[in-house]
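Worksheet: one structure, shown below.
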There are 2 protein chains.
Amino acid sequence: MAQGSTRPTSRDVAQAAGVSQAAVSLVLGDKWRGRVSEATAERVREAARDLGYRPNLAARNLRLGHTRTVLLVVPALTTEFFAGVYTGAARVAAEHGFGVVLYPSPEGIGPARDPFASAQAALDGVIASSMAADALTAIRGDQLPLVMLDSDPQGSLGAATVNLDIADGVRQIAEHLLSLGHRRFLHLAADVPSWTFEARARELSERLRRVPGTSIRTARAPISIEGAVAATERALSEARPRPTALVCDDDKLAAGAYKAARRLGLRIPDDVSVTGLDDLALATAIDPELTTVRLDAELFGERGMRALLAVLEGREPEGGDIPVRLVVRGSTAPPGRL
Amino acid sequence: MAQGSTRPTSRDVAQAAGVSQAAVSLVLGDKWRGRVSEATAERVREAARDLGYRPNLAARNLRLGHTRTVLLVVPALTTEFFAGVYTGAARVAAEHGFGVVLYPSPEGIGPARDPFASAQAALDGVIASSMAADALTAIRGDQLPLVMLDSDPQGSLGAATVNLDIADGVRQIAEHLLSLGHRRFLHLAADVPSWTFEARARELSERLRRVPGTSIRTARAPISIEGAVAATERALSEARPRPTALVCDDDKLAAGAYKAARRLGLRIPDDVSVTGLDDLALATAIDPELTTVRLDAELFGERGMRALLAVLEGREPEGGDIPVRLVVRGSTAPPGRL
DNA sequence: GAGCCGACGTTATACGTAAAACCTAGAGGG
DNA sequence: CCCTCTAGGTTTTACGTATAACGTCGGCTC
């Protein structure tokens with residue numbers, strides 16, 4: 001299948017070095033101390049180098065019964081957030097001799113088909129990020145050790161979960177806007193059936209309900225700039241009196257909200273304050289810079305990987321949500337008079 | 001390693017169904033017509049379902065001698081461009097029964113260590129996107145079939161290459177700005193040793209040299225918004241007379257240039273025109289919307305995968321660069337009077 | 001009624017590796 | 001001189017799958 005000549009095996013190396021295949025395995029596996037002479041070991045290493053030998057992973061995995069490879073399932077990679085999650089997970093994995101394979105679910109955050117039909121690598125475990133419940137059951141089909149990221153601790157069928165404390169982030173946003181004096185809110189919600197977005201809506205209305213005189217409207221939009229522009233423009237021109245604060249489910253939606261506000265002749269933050277969530281590069285690219293909640297994606301990935309390693313080793317994964325932090329920038333200010 | 005009880009094998013299924021292991025393999029591999037009765041086949045399928053049997057991929061890969069899995073190596077996933085490349089590659093792969101494993105090179109666009117130390121999946125081939133030459137040699141170490149994306153056709157050591165016609169994109173940008181009347185250019189170049197960026201610089205100066213009276217300066221910046229801000233601010237305040245057109249190596253750099261211009265009190269496009277390259281979501285999030293060159297990332301991934309399939313089957317991969325298209329938006333206009 | 005064939009399986013084998021179990025020669029002790 | 005020990009290997013086996021090669025039993029043909 002390669003280029004006519006087939007890849008060399010450990011047996012070929014053995015023959016070239018004049019030893020048995022077992023000796024090759026011992027030397028290359030670094031288990032030869034006291035079993036093979038230094039001179040022979042060197043001969044083996046040289047033969048392996050000359051032939052360009054690489055072990056056949058499929059055979060090794062079969063023999064060993066594990067692959068030291070885990071799958072990270074993420075929604076479509078349209079923001080750098082999941083790149084950060086991967087980076088963190090891969091770093092921890094590497095420290096433990098594991099590899100991480102990335103599988104961007106084609107259906108985005110919605111139901112996934114069977115990740116394993118596509119990512120055919122043999123796996124030791126799975127980290128699934130921001131997946132809907134039905135995708136989860138597909139994954140559970142292969143009874144692999146599983147860790148869920150950013151998902152409902154209740155509905156996770158007993159799998160370990162690791163979460164960012166987004167509820168607290170939403171609370172911080174609400175505090176910030178309330179203390180600036182805002183009372184009329186518009187929530188620009190991601191139109192995606194996902195636990196994490198439902199939780200954001202719940203937390204926001206929960207917090208505002210406790211303050212007399214506040215009102216909150218909701219607009220739904222797909223997570224894309226154009227979608228957000230349309231939804232925001234509609235909601236902002238219909239609502240009377242106009243909301244003074246626009247709370248967006250993520251930074252991308254906020255970027256759309258900027259454009260909608262501009263089209264309506266509204267200035268940010270003078271006429272309307274806007275907040276995001278994620279702290280992507282986008283947040284500082286737009287003008288004014290966006291007040292948002294910073295999520296530590298790398299730490300998130302690290303904790304996810306650590307949890308999976310714990311499960312693999314039969315330990316109890318450590319609990320506790322990852323704290324998040326409000327970053328105040330230029331898109332929020334006290335409401336203008338009327 | 002799983003949960004105490006080990007995963008069922010085809011032999012377990014055979015025992016449960018009262019047949020031989022071979023029969024199980026035939027039935028589940030859909031090769032049983034005329035070899036096994038319908039009744040027996042159904043018994044086998046039922047047993048497999050009851051036990052929750054999943055074939056051991058490592059064993060299958062070993063037996064078959066291939067994995068139907070290819071690796072896609074990309075620089076850090078900080079833009080959605082490579083997400084598109086993946087999507088296109090994965091779609092074509094799926095049509096041919098292949099899976100794609102994504103490996104974001106930790107060193108970004110620079111030299112990669114050994115992708116296979118991390119992505120331990122057993123592989124049939126590799127698609128490497130935008131990799132430096134030294135990373136290439138590491139990959140070539142495993143004599144796997146290889147396709148290079150966005151890389152120097154000369155320096156690719158005989159591997160198949162697939163490229164976007166970025167040179168033409170740069171030409172289109174130059175034409176556009178020249179025809180608007182611009183003569184003093186600043187090239188905001190990505191400070192990354194990569195063929196693709198060198199080619200952009202070469203093409204731009206090549207094109208401008210042919211027009212008398214043009215001048216071009218170059219500023220280098222890492223591919224990040226802050227980096228671009230600093231480099232642009234410096235270059236724009238030093239250069240006298242000030243350039244009227246700012247050609248950026250990609251959209252992200254352009255976003256940084258916007259901020260720098262704003263700090264210097266320059267309006268876009270009235271005081272300075274700006275162009276990008278990529279057409280990311282970012283391009284329409286900033287104000288004014290960015291004139292840029294659209295790259296069809298998905299088509300790029302598709303073509304890359306098709307080329308790899310051709311190599312795997314011993315066919316000649318089809319050549320020809322993928323065309324790109326200038327998208328004119330609000331960030332370019334005729335130069336103001338001095 | 002000998003020969004053949006199709007239906008329905010089973011047995012045996014190989015893929016490449018890791019490692020347990022085994023072998024052999026020489027050194028050293030008693 | 002016999003026994004044991006150690007260095008330095010080799011032989012063998014198992015991992016789980018796919019498939020080539022091999023039965024076996026009726027029924028049909030001529």
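The structure displayed is predicted, hence computed values, not measured ones. Labels below follow one simple rule: chain letters A, B, ... track the order of the sequence lines, proteins then strands, and each chain is numbered from 1.
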Inset, instruction - Please list, by residue number, the residues of residues 29-48 of chain A whose heavy atoms come closer than 4.0 Å to an atom of DNA chain C; answer none if no residue qualifies. - result: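 Residues of residues 29-48 of chain A that come under 4.0 Å of DNA chain C are, in numerical order, Lys31(A), Arg35(A).
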Provide, to the nearest angstrom, the distance between the [atom1] atom belonging to [X] and the [atom2] atom belonging to [N].
X: Leu64(B); N: dT13(C); atom1: CG; atom2: P; result: 20 Å
X: Leu28(B); N: dT17(D); atom1: CG; atom2: P; result: 10 Å
X: Gln21(A); N: dC15(C); atom1: CD; atom2: P; result: 12 Å
X: Arg60(B); N: dT17(C); atom1: CZ; atom2: P; result: 21 Å
X: Asn56(B); N: dC15(C); atom1: CG; atom2: C1'; result: 13 Å
X: Arg7(B); N: dT17(D); atom1: CZ; atom2: C1'; result: 14 Å

Among the nucleotides [options], which one has an atom lying closest to any side-chain atom of [X]?
X: Arg11(A); options: dT17(D), dT10(D), dT17(C); result: dT17(C)
X: Leu62(B); options: dT17(C), dT11(D), dC15(C); result: dC15(C)
X: Ala22(A); options: dC15(C), dT17(C), dT10(D); result: dT10(D)

I want to check something: taking the side chain as every heavy atom from C-beta on, are [X] and [Y] in contact at a cut-off of under 4.5 Å?
X: Met305(A); Y: Val70(A); result: yes
X: Asp12(B); Y: Tyr53(B); result: no
X: Leu77(A); Y: Tyr86(A); result: no

Inset, instruction - Tell me whether the OP1 or OP2 atom of dT10(D) has a side-chain N or O from Ser20(A) closer than 4.0 Å. - result: yes
Legend entry - Ion pair Glu95(B)/Arg91(B), N-O distance below 4.0 Å: no
Inset, instruction - Before accepting this row, confirm whether a basic side-chain N of the pair Glu42(B)/Arg45(B) lies closer than 4.0 Å to the acidic partner's carboxylate O. - result: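 Here Glu42(B) pairs with Arg45(B) in a salt bridge, since their nearest N and O are under 4.0 Å apart.
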Inset, instruction - Check the surroundings of atom CD in Glu298(A): do more than 12 heavy atoms from other residues, nucleotides or ligands lie under 6.0 Å from it? - result: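 Result for CD/Glu298(A): enclosed.
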Legend entry - Gln15(A) atom CD, neighbour heavy-atom count above 12 within 6.0 Å: no
Inset, instruction - For Ser25(B), report the nucleic acid contact type (base, sugar-phosphate, nothing); a contact means any heavy atom under 4.0 Å. - result: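 Base, at least one base atom sits under 4.0 Å.
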Inset, instruction - Could you tell me whether Val24(B) contacts a base, only the sugar-phosphate backbone, or nothing, with contacts defined as non-hydrogen atoms closer than 4.0 Å? - result: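 Answer is nothing: Val24(B) stays at 4.0 Å or more from every strand.
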Legend entry - 5' precedence on DNA chain D between Ala58(B) and Leu26(B) (nearest-nucleotide basis): Ala58(B)
